[in-house]
Amino acid sequence: MEKIRCTIDHITYQNQENGYSVLQASVKGFRDKQTLVGTFHEVTVGACLVVEGEWKVDKRYGRQFAAQSWEEELPATIVGIEKYLGSGLVKGIGPKFAKLIVSYFGLATFDVIENEIDRLLEVPGIGKTRVALIRTSWEKQKDVKDIMVFLQGHGVSSTFAAKIYKKYGKESIEKVSGNPYCLADDIWGIGFKTADSIAKNLGYTNNDPRRCRSGILYTLGKLSEDGHVYAEREQLLKTAKELLQADEEPITATLDQMIEKEDLVIDEDAIFLPPFYYAECGVANKLKRLIDTSTKDLFEEDVNIEKIVRRTGIHYDDVQVAAIKQAVQSKVMVLTGGPGTGKTTTTIGIIAALQSIGLRILLAAPTGRAAKRMSEATGKEAKTIHRLLEYNPAEGYGRNDENPLDGGALIVDECSMIDIILMNALLKAIPIDMRLILVGDIDQLPSVGAGNVLRDIIDSERIPVVRLTRIFRQAMSSRIITNAHRINQGLFPDISNGKNTDFFFIPMEDPSQAAAEIVNIVKNRIPKAYHISTNDIQVLTPMQRSVVGAANLNVILQEAINPEGDSLSRGGFKYRQGDRVPTSVEIQSAASDKISHSRVC
């Protein structure tokens, strides 16, 4: 770590939400202006800073000083004082009044503002209203500085210090001192471990009840990240004890208190975070209501399959026919099967059958990619579940039990990816007379969030399930599909490559060579071999960092495929017109695959 003193000359970029900034500064000991990157909350041009961090060389932007922490110093020269006051940092003082004030008080300017602010009335053109505005703004800047110094002095990074100040304002020191674990509850990005580190700096003991409470919530949260909706009591106590390195008695007492206060919900031996408990109950209850409520358009007689075949142009085998009939005769049903077993063609038949009895069909899927595939296959508009439910981050779901969906049947694809929270939101919006068809493969990617919804629905044996098992001839020619079935059977995939395959395995040890080959595949080989645009190619990587991580691959793919055009710089990345940028819903849905900001998914 290195320490530099500098004056901010220009703000290239500043994120108002998290304080991340790219600054140009005059640094003591350097002739040319230097670039600083890091979290600089409410720093303005003219500010004099002491910054701790390290020099790094960014492959795109060159030499930069990456800040870890910083403190603001008041400038000591006439020019510095005038520039600082004229920067806009202190409300009521612009360049004009900064020049007048500094001309009048000189090097004593800051001392006058700090201790004798009413003397500003001596400066021609400054009245009582302006002095009051300056006083309020100056006090606020002092508060920010004091809070930042306190937080950074107790091990809080400048990034988190900015978030804490934005949340608690003038009460930040009081809040953090009184219970640092509230940070894990209140501030996105600060988890138990960060709060615990702060608490240790403040002298909190391992057995502190506030620490035990936060540790229990953290343990349940980590279990939910692994897909678990609840924990058994003994499992929870054991895991929390290992995490906290605390005595069992205070952990048990805290757990019982949390249950009593309904911070947690207990059902027999299962202990839930409340959102998961109410979501699981909500899903179960709504599904039961749906299957127990009959509607007048349920057909018990056989469906005219010949008519469906003429309408779709698709010939169905016996199991697919059974699925189409089951859809017409059921309020809720599940269609499941592995890749290449005809789920999509069967879905097209189900749509035709339901339309033949006059139902308006809605189509949805968890991700934008799945919805797009569904639209292309069926010729009907399919939406993401979030879009279908008119989701707004600030207001939640626009479609719910008070404002339900409008239609006769809803078909949802890729249901294995739906977690318990999203399924509960979806079912709330389904009116009691609507049919629901769930389509998915339980051997595909599980949901990112907690729950195993599709598998549990199937295992309940309360809802009709049609399983497609036959792999169709055209699918058998796809090495991707046959290898998927081999992996599900515990067999090693066929990596022999060859001219007539759609599955290729390219062994490569050197990461730089691998990255270059990925660019070559995307830019040249796939478009040439399959006559498709690079816009229709997606790259997946299991990591964010490293040469073959999402961040670097996005940069080199952009340079190779979309090197020119209008662009915006945000957070150290350059976004260019024509780049593929996934929606926030897609990013959330594929978080386990490290979806990043651009072409790499």
Side-chain angles (χ1 to χ4, degrees), residues 227 275 279 282-283 286 332 334-336 343-344 347-348 350-351 354 360-431 434-442 444-454 457 535-540 550 579-601:
V283 168
K286 185 58 178 282
V332 183
V334 173
L335 175 66
T336 187
K343 293 192 298 295
T344 299
T347 300
I348 293 171
I350 290 172
I351 292 172
L354 294 177
R360 177 170 175 259
I361 315 298
L362 304 179
L363 304 180
T367 68
R369 173 170 286 272
K372 183 181 177 183
R373 272 201 315 267
M374 199 178 189
S375 294
E376 291 169 349
T378 63
K380 291 177 59 65
E381 182 187 21
K383 299 179 180 179
T384 64
I385 295 174
H386 286 79
R387 185 173 165 222
L388 180 75
L389 299 181
E390 300 173 11
Y391 177 72
N392 181 313
E395 300 172 5
Y397 295 101
R399 293 286 185 171
N400 47 44
D401 46 1
E402 295 179 356
N403 183 29
L405 296 168
D406 180 22
L410 171 63
I411 302 176
V412 187
D413 199 7
E414 298 287 6
C415 288
S416 64
M417 297 175 65
I418 304 177
D419 61 48
I420 192 68
I421 300 293
L422 182 57
M423 180 59 84
N424 186 43
L426 177 63
L427 290 175
K428 280 183 178 179
I430 295 177
M434 180 179 279
R435 297 162 184 258
L436 176 63
I437 293 98
L438 304 173
V439 183
D441 177 3
I442 57 175
Q444 287 188 351
L445 280 175
S447 61
V448 174
N452 205 349
V453 179
L454 182 63
I457 288 173
N535 289 329
D536 294 323
I537 300 172
Q538 202 85 8
V539 180
L540 285 87
D579 282 346
R580 174 187 288 165
V581 182
T583 66
S584 60
V585 172
E586 286 176 295
I587 292 173
Q588 180 183 13
S589 299
S592 61
D593 291 321
K594 308 295 184 189
I595 275 192
S596 60
H597 72 277
S598 181
R599 193 169 301 277
V600 173
C601 289

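- Gly451 and Ser447 get closest at one heavy-atom pair: O-OG, 3.2 Å.
- Legend: residues meeting side chain to side chain contact (heavy atoms under 4.5 Å, CB included) with Glu381, ordered by chain and number and at least two apart, are Lys383, Arg387.
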Check residues 420-427 and write down every donor-acceptor pair under 3.5 Å in which the side-chain atom is one partner and the other belongs to a residue at least two apart or another chain.
none

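- You'll find the side chain of Leu438 reaches within 4.5 Å of the side chain of Ile457, heavy atoms only.
- Atom NZ of Lys286 has more than 12 heavy atoms from other residues, nucleotides or ligands within 6.0 Å.
- Leu436 has its side chain within reach of Ile430: a pair of non-hydrogen atoms, C-beta onward, lies under 4.5 Å apart.
- Heavy atoms only, all atoms of each residue included: Lys343 and Gly440 are closest at CD-O, 4.0 Å.
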* To do: Dump the intermediate steps for side-chain contact (heavy atoms from CB on, under 4.5 Å) on Thr336 and Val439, then the final yes or no.
  => CA-CA 6 Å; Thr336 187; Val439 183; over 6 Å; no

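- With sequence neighbours excluded, the residues satisfying side chain to side chain donor-acceptor pair (under 3.5 Å) with Arg373 are Glu414.
- Annotation for Gly398 and Asn403: closest pair O-ND2, 3.0 Å, computed over non-hydrogen atoms.
- Atom CG of residue Leu362 and atom CG of residue Asp406 lie 7.5 Å apart, to the nearest 0.5 angstrom.
- A donor-acceptor pair under 3.5 Å is absent between the side-chain atoms of Thr367 and the main chain of Ala371, judged by distance alone.
- Side-chain atoms of Ile437 and Thr347, non-hydrogen and from C-beta on, never get closer than 4.5 Å to each other.
- No donor-acceptor distance shorter than 3.5 angstrom exists from the side chain of Thr384 to the backbone of Gly368, with no hydrogens or angles considered.
- Closest non-hydrogen pair, Leu363 versus Lys380, comes out as CD1-CB, 3.7 Å.
- Under the side chain to side chain contact (heavy atoms under 4.5 Å, CB included) criterion, Ser416 pairs with Gln444, Leu454, not counting sequence neighbours.
- Applying the side chain to side chain contact (heavy atoms under 4.5 Å, CB included) test to Asp401 and every residue at least two apart in sequence or in another chain returns nothing.
- Between Val332 and Arg435 there is no side-chain heavy-atom pair separated by less than 4.5 Å.
- Ile411 and Met374 make their closest contact through O-CE, 3.6 Å (heavy atoms, listed as atom of the first residue, atom of the second, distance).
- Checked against side chain to side chain contact (heavy atoms under 4.5 Å, CB included), Ala364 has the following partners two or more places apart in sequence or in another chain: Ile385, Leu388, Leu410.
- You'll find the side chain of Asp419 stays beyond 4.5 Å of the side chain of Val453, heavy atoms only.
- Ring geometry, Tyr397 versus His386: the interplanar angle falls from 30° to 60°, so the pair is classed tilted.
- Side-chain N or O atoms of Arg360 include none that pairs as donor or acceptor with a backbone N or O of Gly408 at under 3.5 Å.
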